[in-house]
Amino acid sequence: LTLAVVLPERNLTYPWAWPRVGPAVRLAAAAVNSRRDLLPGLDVRWVFGSSEDRHGVCSEMAAPLAAVDLRLAHQPAAFVGPGCVYTAAPVARFTSHWRLPLVTAGAEAHGFDDKREEFALTTRAGPSHRKLGELGVQLHRRFNWTRRALLVYWDEKVDDRPCFFAAEGLYVQLPTLRNLTVMDVVFREGGNFSFIIQEIKAKGR
């Protein structure tokens, strides 16, 4: 029984990088294989493909190519990873088409909550931004914040855009509170912070 692992090979800025996750995969496979009653007649093994580009960054091109190569060469029973949003999405679409489960510690974006079609077989073992949005809703109810919410976040539109996707969870969930106006202000490094303060003053009350 083969597991296909698609993760960043070297970049330790990602919590799901192979040097961090690899030892756990090895230990898990060894533990399962030592228990002959768990999967009688089968041995668990893993094969690895990198989701990094040549700069060491999660790549929406490298990850699906690695997944297809692993699928054709090894016929895996399941996939582990990718973790980054932009790499997990295309790989999850492929694994759904192949009717294979995908387990990831990442893929936090709100869109992965849709289990009707393309992400039906994707399981996230980590936190999701939908849960952050639900927390925001509960805080608004608890403190009776009922008129408006202003989301201020940093977004460089590079790599995995973590702040954008975190804000998305709030942006999607907060409107479930009736009559609440939700607005957003995006800023970038070196941006006009006086403008942002004025926006907060004008829109955040």
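Grouping the Ile, Leu, Val, Met, Phe, Trp and Tyr side chains by contacts below 4.5 angstrom, directly or via other members, places F48 apart from V103. Follow the hydrophobic side-chain contacts under 4.5 Å out from F112 and you reach Y86 in the same cluster. Tracing side-chain contacts under 4.5 Å through hydrophobic residues (I, L, V, M, F, W, Y), one never reaches V5 starting from L70; they form parts of separate clusters. V21 and L12 fall into different hydrophobic clusters, defined by Ile, Leu, Val, Met, Phe, Trp and Tyr side-chain heavy atoms under 4.5 Å apart, directly or through other members. No continuous path of ILVMFWY side-chain contacts below 4.5 Å connects W46 to W98, so the two sit in separate hydrophobic clusters.
Side-chain contact check for L121 versus T95: every heavy-atom pair is 4.5 Å or farther apart. Residues H110 and H129 have side chains not in contact (no heavy-atom distance under 4.5 Å, counting atoms from C-beta outward). Looking at P8 and W16, their side chains come closer than 4.5 Å, going by heavy atoms from C-beta outward. Put simply, the side chain of F94 does not reach to within 4.5 Å of the side chain of L100, judged on heavy atoms. R26 is listed as a side-chain neighbour of P23, based on a closest heavy-atom distance under 4.5 Å.
Residues P127 and E108 approach most closely at O-CG, 3.5 Å, considering heavy atoms. Taking both residues in full, the closest heavy atoms of T104 and P82 are given as OG1-O, 2.6 Å, listed atom of the first, atom of the second, then distance. Residues V91 and A67 approach most closely at CG1-CB, 4.0 Å, considering heavy atoms. Taking both residues in full, the closest heavy atoms of E9 and P19 are given as O-CD, 3.3 Å, listed atom of the first, atom of the second, then distance. For A66 against V6, the heavy-atom pair with the smallest separation is CB-CG1, 4.4 Å. Shortest non-hydrogen contact noted between N33 and L42 is OD1-O, 4.4 Å.
Few gaps surround CZ on R20; more than 12 heavy atoms of other groups in view lie less than 6.0 Å from it.
To the nearest 0.5 angstrom, H140 atom NE2 is 8.5 Å from L170 atom CG. Atoms OG1 and CG, on T122 and D114 in that order, are 10.5 Å from each other to the nearest 0.5 Å. Considering OG1 of T2 and CD of Q75, their distance stands at 9.5 Å, rounded to 0.5 Å. Atom-to-atom distance recorded for L174:CG and W145:CH2 is 10.5 Å, nearest 0.5 angstrom. In this structure, R130 CZ and Q173 CD are separated by 4.5 Å, a value rounded to the nearest 0.5 Å. Summarising the geometry, atom OH belonging to Y14 is positioned 4.5 Å from atom SG belonging to C84; distances are rounded to the nearest 0.5 Å.
Under 4.0 Å is where a charged nitrogen must lie from a carboxylate oxygen, and between D113 and K131 no such pair does.
Remark: side-chain polar atoms of S96 are paired, donor with acceptor, to backbone N or O of E117 under 3.5 angstrom. When atom types are taken as modelled, the side chain of R10 and the backbone of G56 share no donor-acceptor pair closer than 3.5 angstrom.
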